[in-house]
Trainee: 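Once you've had a glance at the structure underneath, I'll fire off some questions.
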Amino acid sequence: SFKYDAKHDPLGQMKAFKAAFADVEENPDWRSHKLIERQRWNPYSMEGGSTCAIAGDNFVVVASDTRMTAGDINVINREVDKIHALSDNIVMTNAGFYGDVLQMRRLLETHLHKYRFDYRSNMTVDLCAELLARNLYYRRFFPYYTGVILSGIDEHGKGAVFSYDPIGCIERLAYSASGAAEPMLIPFLDCQVGHVTLADGIERPKLTLERACALMRDAFRSCAEREITTGDSIHLVIAEAGKPVRHERRKLRED
């Protein structure tokens, strides 16, 4: 007697293929449990924190908090440096994945050292800003998971702040912020530094070094009251034309 074998039935194979194709259309991989399992692994982590920078006529003030967290509420460290003075005229600050923060610092320090060795002079902040933008774009398919701000004193003695997106788009601004408290810092700076939201007739005081430092302290005190990953201390770095970089620390709330 003849036994039917589906493997040798071309018509049956075609029907099975069409059924499988229709099933893939109705239930794609992104809906399946297998893909959900694969997507659980993440190479990044977010350690919180906030950073900010303000540029003046002949100075730049950079500030950050010193708290590192995991999962928003677990405090890993209360004395973490997020601001790195790369030279007497270049300061970099980052918030985000701390592994990428350290890697970015090492990368720029290496390039600055090589430039100093090759040309017997320090790199300008404008050139360093372009260098950082190119390195961020080079890593665009696996980007650094940080919000980076590069600031310093340019060749004309003016304060400069450069803001970036994760793939290297660069913009020179009068002030910038990144990190968890950015949505609170930027509106405050828009009002007090950029005077964007001030009503007509309101006094617009000149931005001095003392006023910039006071605004930074006020801004981070306010953020520490409302943002859980920002706190412990304020780290202030002040760069002035013709002077060495200065560091200051002020306490914030620790809970």
Side-chain angles (χ1 to χ4, degrees), residues 48-68 78-86 88-95 125 147-154 156-163 171-255:
S50 307
T51 65
C52 186
I54 299 176
D57 289 337
N58 63 340
F59 66 87
V60 65
V61 179
V62 185
S64 77
D65 71 314
T66 61
R67 177 177 293 180
M68 177 187 284
R78 297 185 185 274
E79 294 295 331
V80 174
D81 289 331
K82 301 169 186 174
I83 305 177
H84 310 284
L86 304 177
D88 287 339
N89 65 320
I90 300 175
V91 181
M92 182 184 70
T93 179
N94 303 70
V125 67
V148 58
I149 302 172
L150 192 76
S151 55
I153 306 299
D154 65 14
H156 304 293
K158 303 290 186 180
V161 171
F162 295 92
S163 181
E171 185 177 8
R172 181 168 178 171
L173 303 168
Y175 52 86
S176 184
S178 70
E182 180 184 355
M184 288 177 275
L185 288 168
I186 290 297
F188 177 79
L189 296 177
D190 282 341
C191 178
Q192 296 297 319
V193 180
H195 302 151
V196 177
T197 56
L198 282 181
D200 295 336
I202 301 298
E203 182 183 1
R204 289 165 167 76
K206 183 180 179 181
L207 183 66
T208 62
L209 177 58
E210 292 74 19
R211 175 172 167 77
C213 293
L215 288 174
M216 285 292 199
R217 290 190 286 268
D218 292 344
F220 274 88
R221 288 193 192 101
S222 177
C223 292
E225 296 291 331
R226 295 167 176 82
E227 209 287 310
I228 195 170
T229 66
T230 302
D232 293 311
S233 299
I234 309 172
H235 182 196
L236 277 173
V237 175
I238 303 166
E240 294 184 78
K243 296 182 181 181
V245 174
R246 293 188 286 127
H247 296 258
E248 294 181 10
R249 288 183 183 267
R250 300 291 180 92
K251 295 300 292 182
L252 288 174
R253 62 181 296 170
E254 297 183 356
D255 57 349

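Bear in mind the structure is a predicted one, so any value in this text is a computation, not a measurement.
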Trainee: Can you measure from CZ (Phe188) to CG (Leu215) and round to the nearest 0.5 angstrom?
Mentor: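 So the gap between those two atoms works out to 5.0 Å.
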Trainee: Could you tell me whether a side-chain N or O of Thr229 sits under 3.5 Å from a main-chain N or O of Gly48, the two making a donor and an acceptor?
Mentor: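 Checked: no pair found.
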Trainee: Quick one, Thr93 with Ser151, criterion side-chain contact (heavy atoms from CB on, under 4.5 Å). Give me CA distance, side-chain angles, the key distance, then yes/no.
Mentor: CA-CA 8 Å; Thr93 179; Ser151 55; 5.7 Å; no
Trainee: Between Glu227 and Thr230, which heavy-atom pair has the shortest distance, and what is it?
Mentor: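 For Glu227 versus Thr230, the nearest heavy atoms are OE1-OG1, 2.8 Å.
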Trainee: Nearest 0.5 Å, what's the CG-CE distance between Asp232 and Met68?
Mentor: 11.5 Å
Trainee: Give every residue pair that meets the side-chain hydrogen bond (donor to acceptor under 3.5 Å, both in side chains) criterion with at least one member in residues 196-219, sequence neighbours excluded.
Mentor: Gln192-Arg211, Asp218-Arg221
Trainee: Quick one: does Lys243's side chain get under 4.5 Å of Ile238's, heavy atoms only?
Mentor: no
Trainee: Just verifying a value: how many Å separate Thr66 OG1 and Arg78 CZ, rounded to the nearest 0.5 Å?
Mentor: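 These two atoms lie 9.0 Å from each other.
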Trainee: Locate the shortest heavy-atom distance separating Val161 from Ala174; write the atom from each residue and the value.
Mentor: CG2-O, 4.4 Å
Trainee: Start with the C-alpha gap between Ile83 and Thr51, add the side-chain angles, then the distance that decides, and say whether side-chain contact (heavy atoms from CB on, under 4.5 Å) holds.
Mentor: CA-CA 8 Å; Ile83 305 177; Thr51 65; 5.5 Å; no
Trainee: Nearest 0.5 angstrom please: Leu150 CG to Ser176 OG, how far?
Mentor: 11.0 Å
Trainee: About how many Å separate CZ of Phe162 and CG of Asp154, when rounded to the nearest 0.5 Å?
Mentor: 7.5 Å
Trainee: Check Gly231 against Asp65 and note the closest heavy-atom contact, atom names and distance.
Mentor: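 Result for this residue pair: N-OD2, 3.3 Å.
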Trainee: What heavy-atom pair brings Ile228 and Arg67 nearest, and what distance separates the two atoms?
Mentor: O-NH1, 2.8 Å
Trainee: For Ile234 and Met216, what are the C-alpha separation, side-chain angles and deciding distance, and is it a side-chain contact (heavy atoms from CB on, under 4.5 Å)?
Mentor: CA-CA 9 Å; Ile234 309 172; Met216 285 292 199; 5.8 Å; no
Trainee: Which heavy atom of Ile153 sits nearest a heavy atom of Ala239, and at what distance?
Mentor: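 Nearest heavy atoms, Ile153 then Ala239: CD1-O, 3.6 Å.
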Trainee: Without placing hydrogens or testing angles, list every side-chain donor-acceptor pair under 3.5 Å for residues 52-64, not counting sequence neighbours.
Mentor:
none

Trainee: Quick one: are Arg249 and Glu79 in side-chain contact, heavy atoms under 4.5 Å?
Mentor: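 Answer yes - side chains close enough.
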Trainee: For the pair Ile202 and His195, evaluate side-chain contact (heavy atoms from CB on, under 4.5 Å) and give the outcome as yes or no after the intermediate values.
Mentor: CA-CA 10 Å; Ile202 301 298; His195 302 151; over 6 Å; no
Trainee: Which heavy-atom pair separates Gly49 from Ala95 by the least distance, and what is that distance?
Mentor: O-CB, 3.8 Å
